[in-house]
Amino acid sequence: MGEFRPVPDALDYLAGSWRVERSVRDLAGGEYGGFSGTTVFSPLDGGGLLHHESGTFVWRGVPRPAERTLRFLPGETPGTADVRFADGRPFHDLDLSSGRHITDHPCSADRYRGEFTVRDADHWRTVWRVHGPAKDLVLTTDYVREDRITGYVREG
């Protein structure tokens with residue numbers, strides 16, 4: 001470990017379809033779960049990418065359909081992204097220029113600390129450590145490229 005692939009433009013790198021495998025560990029309760037599915041980063045009108053994740057989440061042996069949508073907008077610095085929830089609320093920043101990025105997101109009294117690492121052109125990972133009075137989790141997600149979308153809209 002320790003070797004990361006620098007990415008000059010996060011939105012260009014992410015554009016396309018990715019196979020997703022996520023493990024979820026509840027450190028307080030000792031339970032494990034997981035998500036398997038697809039994440040598609042498609043062009044947004046006005047600039048950036050729409051992130052849509054869909055698949056199956058298994059918790060306590062029970063599979064359920066799961067999905068989420070985020071917006072990855074151009075960041076303040078060229079090549080970075082401003083990640084927002086579907087309703088426009090801020091989530092976190094993203095700068096993959098070194099191939100590794102650490103960010104935080106407060107959620108009520110809990111704190112999410114995310115580490116993003118790029119392994120190569122077709123593999124990246126996120127690890128979110130969630131700690132607080134309501135949650136004590138580690139979510140590890142591996143992404144493997146399925147298809148690249150080129151020509152995403154940077155800004156309107």
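For clarity, every value in this text was computed on a predicted model and none was experimentally measured. By convention here, the first residue in the shown sequence is residue 1.
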Hey, what do you get for [atom1] ([X]) to [atom2] ([Y]), rounding to the nearest 0.5 Å?
X: Y143; Y: T38; atom1: OH; atom2: OG1; value: 11.5 Å
X: W124; Y: R119; atom1: CH2; atom2: CZ; value: 12.0 Å
X: D122; Y: W18; atom1: CG; atom2: CH2; value: 6.0 Å
X: D142; Y: R22; atom1: CG; atom2: CZ; value: 10.0 Å
X: L139; Y: T126; atom1: CG; atom2: OG1; value: 8.0 Å
X: T141; Y: R125; atom1: OG1; atom2: CZ; value: 9.0 Å

Parallel, tilted or perpendicular: which fits the ring planes of H51 and F41, with parallel below 30° and perpendicular above 60°?
->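 It falls in the perpendicular class, over 60°.
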What closest approach, in Å, do [X] and [Y] show between heavy atoms, and which atom pair accounts for it?
X: L27; Y: V138; value: CD1-CG2, 3.8 Å
X: A66; Y: F57; value: CB-CB, 3.9 Å
X: F72; Y: A81; value: CD2-CB, 4.4 Å
X: Y112; Y: C107; value: CE1-CB, 3.6 Å
X: L11; Y: L49; value: O-CD1, 3.2 Å

Does a side-chain N-to-carboxylate-O contact under 4.0 Å join R129 and D136?
->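 Yes.
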Check: residues 89-96 side-chain donor-acceptor pairs under 3.5 Å, at least two apart:
| unit_1 | atom_1 | unit_2 | atom_2 | d |
| --- | --- | --- | --- | --- |
| R89 | NE | D87 | OD1 | 3.2 |
| R89 | NE | D87 | OD2 | 2.8 |
| D93 | OD1 | H101 | NE2 | 3.4 |
| D93 | OD1 | T103 | OG1 | 2.6 |
| D95 | OD1 | S97 | N | 2.9 |
| D95 | OD1 | S97 | OG | 2.8 |

Same apolar cluster (I L V M F W Y, side chains within < 4.5 Å links), L70/V127 =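 Shared cluster, no.
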Common cluster, V58/W128, ILVMFWY with side-chain heavy-atom separation under 4.5 Å |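 As far as the 4.5 Å side-chain criterion goes, W128 and V58 are not connected within one cluster.
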Test log, rule side chain to side chain contact (heavy atoms under 4.5 Å, CB included), inputs V118 and Y13 | CA-CA 10 Å; V118 178; Y13 175 76; 3.5 Å; yes
Give the C-alpha distance, both sets of side-chain angles, the deciding distance and a yes or no for side chain to side chain contact (heavy atoms under 4.5 Å, CB included) between L50 and S42.
-> CA-CA 5 Å; L50 182 68; S42 57; 4.0 Å; yes
By side chain to side chain contact (heavy atoms under 4.5 Å, CB included) - contacts of I102 (at least two apart) |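 Side chain to side chain contact (heavy atoms under 4.5 Å, CB included) check on I102 returns R100, R113, E115.
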Kindly indicate, with the supporting measurements, whether the criterion side chain to side chain contact (heavy atoms under 4.5 Å, CB included) is fulfilled by L137 and R25.
-> CA-CA 6 Å; L137 305 170; R25 291 186 345 195; over 6 Å; no
Name all pairs fulfilling the salt bridge (charged side-chain N to carboxylate O under 4.0 Å, His left out) condition that reach into residues 30-40, sequence neighbours left out, sorted by first residue then second.
->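 Applying salt bridge (charged side-chain N to carboxylate O under 4.0 Å, His left out) to every pair that reaches into residues 30-40, excluding sequence neighbours, yields E31-R60.
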What pairs meet the salt bridge (charged side-chain N to carboxylate O under 4.0 Å, His left out) rule with one or both residues in residues 63-73, with sequence neighbours excluded?
->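 Of all non-adjacent pairs touching residues 63-73, those that pass salt bridge (charged side-chain N to carboxylate O under 4.0 Å, His left out) are E53-R68.
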Side chain R148, main chain D12, donor-acceptor under 3.5 Å =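 Confirmed, R148 side chain pairs with D12 backbone.
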Quick one: does R145's side chain have a donor or acceptor within less than 3.5 Å of a partner on A121's backbone?
->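 Yes, because the side chain of R145 sits within donor-acceptor range (under 3.5 Å) of the backbone of A121.
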Y32: what forms a ring-ring contact (aromatic ring centres under 6.0 Å, His included) with it, not counting sequence neighbours?
->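 Per chain and number, Y32 pairs via ring-ring contact (aromatic ring centres under 6.0 Å, His included) with no residue.
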Output, in order, the C-alpha distance, side-chain angles, deciding distance and verdict of ring pair (Phe, Tyr, Trp, His ring centres under 6.0 Å) for H105 and F85.
-> CA-CA 12 Å; H105 171 73; F85 292 105; 5.5 Å; yes
Do [X] and [Y] make a side-chain contact, defined as non-hydrogen atoms from C-beta onward lying under 4.5 Å apart?
X: R111; Y: H131; value: no
X: D82; Y: P74; value: no
X: L73; Y: L44; value: yes

Qualifying residues under salt bridge (Lys or Arg N to Asp or Glu O under 4.0 Å), relative to D120, sequence neighbours excluded =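 So D120 forms no salt bridge (Lys or Arg N to Asp or Glu O under 4.0 Å) with any residue.
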